[in-house]
Amino acid sequence: MSPFLIIVLVLGLFILLSSFFTVKQQTAVVIERFGKFTSIRSSGLQLKIPVIDRIAGRVNLRIQQLDVIIETKTKDNVFIKMKVSVQFNVIQTKVYEAFYKLEYPHDQITAYVFDVVRAEVPKLILDDVFLRKDDIAIAVKRELNESMTTYGYDIINTLVTDIDPDIQVKNAMNRINAADREKTAAEFESEAQRIRIVAKAKAEAESKKLQGQGIADQRREIARGLVESVEVLNNVGINSQEASALIVVTQHYDTLQAIGADTNSNLILLPNSPQAGSDMLNNMVASFTASNQIGETMKNQPKRAKKKDDHTSTDYNPSDTTPGV
């Protein structure tokens, strides 16, 4: 076989093999003929004209994610860094627009995200940025869909995945949160203390009430016992004054006995001589006798009566029957 024939066979084999190519799943291939767009090939084994047709590029149809980090300022002049994740893919029916109309899609998406975020965040204070991050994500998605659909891109979702204020601002927020929690804890502790105080006061009031009722009942029974004791002593010829004095002296000795029965008592009762009981009894009897004499004298004393003719008063004795002048 001649060398020329071998070269022709090798060249023919190369051309035949170059006519076939494969396209991966979720990928589109753009075919050009002499620099002009010819067709778009999907996944599988494909055929093209050797030398005349060429593969201009491959377009990924899978969902992609682009993370955009933006530094911006809030309404209350706090600088924050936000991370916005954009999930997008090429529309399968618009591979031509995605390949030929937009050269750097990532840069285009980043520019739109910057524009929307820096227009929305300065309208909000820092706390509202955290609360309304979903609204910011929706605004970014709406703006991107309106712009990128023309270029063959579909925005699947946009997520605000991170909001990072300045370190000093975060420390201040942590201190505010800690102070607020301490305030809440102090309020709960104060309320618990108030409840304990009120409960204790109610318990003491109830105790005092019951104690007062007990003392009243005790004194009532003591008085009833004294009445019965006086009646018993009167029956044996002891008058009321002597009976009262005897009862007081008896209680005095009962008190001394109660004090002496307590080994830990340090109470000293003054005066406390052996004749103290006798002196107390004599003094009480004497005082009762003097009180009775004064009462009898006041009963026999004439009353004062006014005369009809003047405004002076004279002694009036009810037993005096002498006619008046």
Side-chain angles (χ1 to χ4, degrees), residues 1-71 81-120 133-134 136-162:
M1 183 178 293
S2 62
F4 177 74
L5 183 59
I6 294 175
I7 293 174
V8 171
L9 290 175
V10 172
L11 183 59
L13 182 60
F14 174 76
I15 292 173
L16 180 63
L17 293 176
S18 63
S19 300
F20 296 94
F21 65 95
T22 59
V23 181
K24 293 182 178 181
Q25 188 68 32
Q26 288 299 101
T27 304
V29 173
V30 179
I31 303 298
E32 293 180 351
R33 181 173 297 170
F34 298 116
K36 183 180 179 180
F37 171 76
T38 301
S39 62
I40 296 173
R41 307 295 179 84
S42 57
S43 60
L45 180 64
Q46 302 291 337
L47 177 66
K48 65 181 179 64
I49 300 174
V51 182
I52 297 175
D53 293 341
R54 75 179 187 91
I55 298 175
R58 297 176 183 269
V59 178
N60 186 2
L61 300 179
R62 288 176 292 184
I63 296 176
Q64 304 175 61
Q65 178 168 308
L66 175 64
D67 294 330
V68 183
I69 298 177
I70 312 121
E71 185 175 8
K81 288 184 179 180
M82 296 183 63
K83 181 179 179 181
V84 180
S85 298
V86 181
Q87 298 172 351
F88 66 95
N89 68 339
V90 176
I91 303 173
Q92 194 166 2
T93 58
K94 292 186 176 183
V95 175
Y96 177 86
E97 289 83 355
F99 186 79
Y100 286 102
K101 287 188 177 182
L102 197 61
E103 185 173 6
Y104 300 108
H106 287 190
D107 294 345
Q108 188 79 3
I109 293 174
T110 300
Y112 278 113
V113 172
F114 267 80
D115 181 66
V116 175
V117 170
R118 287 182 173 175
E120 295 293 330
K133 68 182 186 67
D134 291 339
I136 299 173
I138 292 172
V140 172
K141 181 181 179 182
R142 181 174 59 250
E143 183 67 23
L144 286 175
N145 270 328
E146 293 176 358
S147 304
M148 299 301 294
T149 303
T150 307
Y151 303 112
Y153 286 88
D154 181 29
I155 306 301
I156 305 299
N157 203 359
T158 56
L159 303 170
V160 178
T161 56
D162 189 21

Subject >> Sidechain-backbone polar pair: Thr158 side chain, Ala137 backbone, donor-acceptor under 3.5 Å >> reply: yes

Original post:
Side-chain contact, heavy-atom cut-off 4.5 Å: Ile55 with Val30?
Top reply: no

**OP:** Report the distance from atom CG of Asn89 to atom CG of Leu61, rounding to the nearest 0.5 Å.
**Re:** 8.0 Å

Original post:
Below 4.5 Å, heavy atoms only, C-beta onward: do Phe21 and Val29 meet side chain to side chain?
Top reply: yes

Subject >> Criterion side chain to side chain contact (heavy atoms under 4.5 Å, CB included) on Ile136 and Asp134, from CA distance to verdict >> reply: CA-CA 5 Å; Ile136 299 173; Asp134 291 339; over 6 Å; no

**OP:** Show your reasoning for whether side chain to side chain contact (heavy atoms under 4.5 Å, CB included) applies to Leu66 and Phe88.
**Re:** CA-CA 8 Å; Leu66 175 64; Phe88 66 95; 4.0 Å; yes

Original post:
Atom CD1 in Ile69, atom CZ in Phe114: separation rounded to 0.5 Å?
Top reply: 9.0 Å

Original post:
When rounded to the nearest 0.5 angstrom, what distance separates CD in Glu97 from CD1 in Ile91?
Top reply: 8.5 Å

**OP:** Quick one: which residue pairs count as a side chain to side chain donor-acceptor pair (under 3.5 Å) with a foot in residues 48-66, not counting sequence neighbours?
**Re:** Glu32-Arg54, Arg33-Asp53, Asn60-Arg62, Gln65-Asp67, Gln65-Gln87

Original post:
Do Val160 and Met82 come within less than 4.5 Å of each other through their side chains, counting heavy atoms only?
Top reply: yes

Subject >> side chain to side chain contact (heavy atoms under 4.5 Å, CB included) evaluation trace for Phe34 with Ile52 >> reply: CA-CA 6 Å; Phe34 298 116; Ile52 297 175; 3.4 Å; yes

**OP:** Assess whether side chain to side chain contact (heavy atoms under 4.5 Å, CB included) is satisfied between Tyr112 and Val140, documenting all intermediate values.
**Re:** CA-CA 8 Å; Tyr112 278 113; Val140 172; over 6 Å; no

Original post:
Which heavy atom in Lys94 sits nearest to a heavy atom in Gly152, and how many Å separate them?
Top reply: CB-CA, 3.7 Å

Subject >> Sidechain-backbone polar pair: Thr149 side chain, Asn145 backbone, donor-acceptor under 3.5 Å >> reply: yes

**OP:** Compare every heavy atom of Ser19 with every heavy atom of Leu47, then report the nearest pair and how far apart it is.
**Re:** CD1-O, 3.0 Å

Original post:
How would you list, by chain and number, every residue that makes a side chain to side chain donor-acceptor pair (under 3.5 Å) with Ser42, sequence neighbours excluded?
Top reply: none

**OP:** Working to the nearest 0.5 Å, report the span between CG of Leu102 and OH of Tyr153.
**Re:** 5.5 Å

Original post:
Taking the side chain from Arg118 and the backbone from Glu71, do they hold a donor-acceptor pair closer than 3.5 Å?
Top reply: yes

Original post:
From Ile155 CD1 over to Ile109 CD1, what is the distance, rounded to the nearest 0.5 angstrom?
Top reply: 4.5 Å

Original post:
If you measure from CZ on Arg142 to CG on Leu144, what distance do you get to the nearest 0.5 Å?
Top reply: 10.5 Å

